[in-house]
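A short write-up of the structure that comes next.
Bear in mind the structure is a predicted one, so any value in this text is a computation, not a measurement. Quick note: numbers below take in every heavy atom, side chains included, and nothing from hydrogens, waters or symmetry partners. The chain is numbered in sequence order, starting from 1.
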Amino acid sequence: MAKTFDVAGIGFGPANIALAALFDEEGLYPNAVFLDKSDNPVWQQEMLFENALDIHSNIQNIPHRDLATLRSPRSKYTFMNYLHSTGKLLSHLNMDLLMPMRPDFAAYVGWVAEQLSGNLQTGCGVERITMLDEAHRHVYRIDMQSGDPVFARHVVVGTGREPYIPPAFETLTASGRVFHLNRYNSAHKALLNKGARKFAVVGSSQSAVEILLHLSKHEPRLELHSFMRRFAFPLKDTNPFMSEIYFPSFTDMYFEAGKDLKGRIDRDVHRTNYGACDMDVLEELYRQLYYDRMHGVNRITINRLTDILAAEESADGVRLTVRDGESGETRSESFDGVILATGFRNIGSDSRSVQVPGILEGVQDQLALDEEGCVQVDRSYRAQLQPGYAGAGALVLNGLCEATHGMGDAGSLSLLAPRAQTIANALLQQDLDADAGLASGVAAQ
């Protein structure tokens, strides 16, 4: 068998970069490997806008919730050290920004990633994870879309969540006319190059508003239609009491809570992260609508209280059939492109969720699933295995555990650094326990 790595990280986005930074600074797992399908990983590449000075280009997070500060403020991988090392610290402080610009934070993530690139293999699209038999101590085999497989004792999955595609659009994403926001930059440019002039944006989230603003400013000739089931774009709840959901102590409490209490908390905190927008983008969009009306144009149409009943594709576009909740009327309209700002799928049994992430299908028989068929994880983010695989290495879900760990695992940057510490501690303890068990077994012989 080929070389076996101690740890293989799948995906090299912020979650696994934070873990790699910890490994580097604490001298842990020097032969770890990180695999990313991109040839040049860039944070949120599909949502980095050209008009980067617009106020809607910030990261919606204070800079100290970066890849390292909450773990170690003295770390060389903090955002502040990035600014200092690149000669931008004083200029950045002089702007008095509460939140960094998104392109600047993307450059920071890339700056950290570059320093850790010795453990990175790019162009490695992972096809399947399987577990070898007991003779190989249950080592994981990671098969690539091309190239040789990788073997590792522990696997950390940090690929991000799968996009949620509403049922009406599930069969329409192949042609490129209908696409999720995680393909926004490349997909909308491809349509513009083909002459697209009329777009529908589905959803009422921050991303939906940002896309409307970007398209209206970058391509003023476009006709844009926003479709939402709500009466209006909701305001994000950012009050400091509610924001304590991004404390590790909240994660501890949420993990121990029962199903009913979790549901009660979820209802309370939903608008801290989902289907809600910052005030600055709402004000900017409202000003844009006012400005357009003042000049006798209607480039952005807001369709409130509107349900999308069906979508079908033809040679010249995508036809949406919608129902107006106020009038009860049903109508159809065609668009050159449809952008789905519809969020992502969490682990769960409801229609918007996924019971077992697709990347884990190859080890599903080894997983200990709950009564609803969902993968179970412990407080340290390790997927629970069947009793017969007690000697196997850890299979860690880094950033996929909102259902069990709360909103801090909902694609947020807020807890990346402390989560990396929790994962590293768990891996070390598991290795110590395994070594102790092996030693006791040898002594017994």
Side-chain angles (χ1 to χ4, degrees), residues 45-50 125 161-233 275 285 288-289 292 296-345 351-354 358:
Q45 185 172 20
E46 291 287 355
M47 289 293 287
L48 292 176
F49 302 142
E50 294 90 342
R161 296 171 297 167
E162 300 173 18
Y164 172 69
I165 308 297
F169 300 100
E170 284 178 343
T171 63
L172 303 181
T173 57
S175 70
R177 288 188 180 274
V178 177
F179 52 91
H180 190 266
L181 64 87
N182 70 340
R183 295 176 47 228
Y184 171 70
N185 266 343
S186 57
H188 96 272
K189 289 175 182 176
L191 287 179
L192 290 176
N193 289 337
K194 295 177 182 178
R197 288 294 176 264
K198 185 177 180 182
F199 285 86
V201 180
V202 180
S204 57
S205 65
Q206 173 90 7
S207 296
V209 177
E210 289 181 354
I211 288 169
L212 287 169
L213 287 168
H214 179 251
L215 287 173
S216 67
K217 294 175 185 296
H218 190 60
E219 292 288 340
R221 296 170 295 170
L222 297 182
E223 180 181 343
L224 306 174
H225 292 253
S226 165
F227 289 93
M228 71 177 90
R229 291 176 296 178
R230 292 187 167 114
F231 171 73
F233 295 105
L285 179 59
Q288 184 68 61
L289 294 168
D292 287 350
V297 296
N298 183 30
R299 296 184 299 138
I300 304 174
T301 300
I302 307 295
N303 298 277
R304 312 167 181 257
L305 300 171
T306 301
D307 295 308
I308 296 176
L309 304 179
E312 56 183 354
E313 191 170 4
S314 62
D316 58 350
V318 180
R319 177 168 289 275
L320 300 184
T321 301
V322 303
R323 181 174 55 230
D324 185 310
E326 180 183 4
S327 66
E329 295 179 354
T330 297
R331 69 181 191 278
S332 295
E333 191 167 357
S334 290
F335 299 89
D336 298 321
V338 178
I339 305 166
L340 304 176
T342 49
F344 295 84
R345 304 180 74 186
S351 60
R352 287 186 60 99
S353 303
V354 56

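In this view, N298 and T301 satisfy the side chain to side chain contact (heavy atoms under 4.5 Å, CB included) rule, not counting sequence neighbours. Not counting sequence neighbours, the partners of S314 by the side-chain hydrogen bond (donor to acceptor under 3.5 Å, both in side chains) test are D316. With sequence neighbours excluded, the residues forming a side-chain hydrogen bond (donor to acceptor under 3.5 Å, both in side chains) with N303 are R331, listed by chain and number. Shown here are the side chain to side chain contact (heavy atoms under 4.5 Å, CB included) partners of S351, two or more places apart in sequence or in another chain: there are none. Residues that satisfy the side-chain hydrogen bond (donor to acceptor under 3.5 Å, both in side chains) test with E333, not counting sequence neighbours, are K198. Under the side-chain hydrogen bond (donor to acceptor under 3.5 Å, both in side chains) criterion, T306 pairs with no residue at all, not counting sequence neighbours. In this structure E162 satisfies the salt bridge (Lys or Arg N to Asp or Glu O under 4.0 Å) test together with R345, sequence neighbours excluded. In this structure S216 satisfies the side chain to side chain contact (heavy atoms under 4.5 Å, CB included) test together with L224, Q288, R299, I300, sequence neighbours excluded. With sequence neighbours excluded, the residues forming a side chain to side chain contact (heavy atoms under 4.5 Å, CB included) with E219 are L192, R221, L222, listed by chain and number. Remark: R161 pairs with E402 by the salt bridge (Lys or Arg N to Asp or Glu O under 4.0 Å) rule, at least two apart or across chains.
With D324 contributing its side chain and E326 its backbone, the two residues share a donor-acceptor pair below 3.5 Å. For H188 (side chain) and Y184 (main-chain N/O), a donor-acceptor pair under 3.5 Å exists by modelled atom type.
E170 CD: more than 12 foreign heavy atoms inside a 6.0 Å radius.
Taking both residues in full, the closest heavy atoms of G176 and L191 are given as O-CD1, 3.7 Å, listed atom of the first, atom of the second, then distance. The two atoms that bring V178 and L172 nearest to each other are CB-O, 3.4 Å, heavy atoms only. The two atoms that bring M228 and G203 nearest to each other are CB-O, 4.3 Å, heavy atoms only. S205 and A341 make their closest contact through OG-O, 3.7 Å (heavy atoms, listed as atom of the first residue, atom of the second, distance). The shortest non-hydrogen separation linking R183 to T173 is NH1-O, 4.2 Å. Nearest approach of D336 to R177, heavy atoms of both residues: O-NH1, 3.0 Å.
Pairs of residues two or more places apart, or lying in two chains, that qualify as ring-ring contact (aromatic ring centres under 6.0 Å, His included) and include a residue from residues 324-344 are H180-F344, H225-F335, F227-F335. Listed by first then second residue, pairs satisfying ring-ring contact (aromatic ring centres under 6.0 Å, His included) with a partner in residues 301-331 number zero, not counting sequence neighbours.
Judged purely by distance below 3.5 Å, without hydrogens or angles, the side chains of T330 and R323 never pair a donor atom with an acceptor atom.
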Exercise for the section: Check the pair F233 / L285 against side chain to side chain contact (heavy atoms under 4.5 Å, CB included), numbers first and verdict last. Expected result: CA-CA 10 Å; F233 295 105; L285 179 59; 3.7 Å; yes
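Taking the side chain as every heavy atom from C-beta outward, E210 and Q206 approach each other to under 4.5 Å. Counting heavy atoms from C-beta on, the side chains of F169 and L320 come closer than 4.5 Å.
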